[in-house]
Amino acid sequence: MVNVPKERRTYCAGKKCKKHQLHKVTQYKAGKASNFAQGKRRYDSKQMGFGGQTKPVFHKKAKTTRKVVLRLECKKCKTKKQLCIKRTKHFELGQKSAQSGHKY
């Protein structure tokens, strides 16, 4: 389990800053795929009509983890950059971990 703080002091490459600043950390999420991208248009036209599935459908999934990408936004100049961290199954942003032992 990886627990990352919601704020991080790191280098900002923006034109105004060019030094270490406080950054807001969020998890990167891919946007909705466009219907008008060239690959999607080609795939749809190939699928039209009779003949069933024309391209291979991937079934042999081997990985059990995902690479986590952090999106860092500078609090001063709002410049955004992405930072890839290692593979992990569980990822949390700024949550306190449950402490073991007795609670009175």
Side-chain angles (χ1 to χ4, degrees):
M1 168 144 16
V2 177
N3 195 350
V4 176
K6 288 187 178 177
E7 286 185 342
R8 164 190 283 207
R9 262 185 76 80
T10 187
Y11 182 75
C12 174
K15 289 181 180 139
K16 294 177 187 172
C17 297
K18 294 242 185 259
K19 59 183 179 179
H20 276 68
Q21 296 283 10
L22 207 61
H23 283 69
K24 188 173 93 173
V25 180
T26 52
Q27 188 175 1
Y28 166 79
K29 182 173 176 277
K32 185 173 177 284
S34 168
N35 278 334
F36 301 106
Q38 179 59 60
K40 179 74 170 130
R41 282 182 282 152
R42 185 182 295 122
Y43 177 76
D44 287 342
S45 71
K46 198 172 183 183
Q47 285 290 90
M48 274 196 307
F50 299 111
Q53 182 67 34
T54 58
K55 305 273 277 182
V57 178
F58 184 71
H59 293 299
K60 296 183 178 178
K61 188 173 185 300
K63 303 278 189 284
T64 59
T65 58
R66 309 204 75 173
K67 287 183 178 178
V68 177
V69 178
L70 301 180
R71 190 164 173 271
L72 306 172
E73 181 183 332
C74 177
K75 293 220 167 178
K76 280 262 173 71
C77 67
K78 304 290 186 235
T79 301
K80 294 157 192 79
K81 71 174 180 178
Q82 291 181 335
L83 178 71
C84 184
I85 59 176
K86 290 183 179 176
R87 292 183 170 274
T88 176
K89 282 188 180 178
H90 301 290
F91 175 77
E92 288 180 352
L93 260 180
Q95 290 176 343
K96 297 248 167 74
S97 59
Q99 294 176 352
S100 60
H102 281 296
K103 294 185 180 129
Y104 297 103

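Looking at residues two or more places apart in sequence or on another chain, you find a side chain to side chain contact (heavy atoms under 4.5 Å, CB included) between Met48 and Ser45. Looking at residues two or more places apart in sequence or on another chain, you find a side chain to side chain donor-acceptor pair (under 3.5 Å) between Glu7 and Lys75. For the side chain to side chain donor-acceptor pair (under 3.5 Å) test, residues two or more places apart in sequence or in another chain that qualify with Gln38 are Arg41. Under the side chain to side chain contact (heavy atoms under 4.5 Å, CB included) criterion, Lys40 pairs with Asn35, Asp44, sequence neighbours left out. For Lys18, there are no salt bridge (charged side-chain N to carboxylate O under 4.0 Å, His left out) partners, not counting sequence neighbours. Annotation: side chain to side chain contact (heavy atoms under 4.5 Å, CB included) contacts of Lys46 (sequence neighbours excluded): Thr54, Lys55. For Arg66, there are no side chain to side chain contact (heavy atoms under 4.5 Å, CB included) partners, not counting sequence neighbours.
No continuous path of hydrophobic side-chain contacts links Ile85 to Val69 [ILVMFWY only; heavy atoms under 4.5 Å].
Here NZ of Lys63 is found 13.0 Å from NZ of Lys89. Values are rounded to the nearest 0.5 Å.
Looking at Val4 and Leu93, their side chains come closer than 4.5 Å, going by heavy atoms from C-beta outward.
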Less than 3.5 Å apart, which donor and acceptor atoms pair up between the side chains of residues 23-34 and the rest of the protein, not counting sequence neighbours?
residue, atom, partner, partner atom, Å
His23, ND1, Gln21, O, 3.1
Thr26, OG1, Arg71, O, 3.4
Ser34, OG, Phe36, N, 3.0

Check residues 10-17 and write down every donor-acceptor pair under 3.5 Å in which the side-chain atom is one partner and the other belongs to a residue at least two apart or another chain.
none

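Other residues, nucleotides and ligands contribute over 12 non-hydrogen atoms within 6.0 Å of the CZ atom of Phe58.
Looking only at distances, a side-chain donor or acceptor of Lys80 sits under 3.5 Å from a matching main-chain atom of Lys78.
Nearest heavy-atom pair, His90 versus Thr88, reported as atom, atom and distance to 0.1 Å: O-OG1, 2.9 Å.
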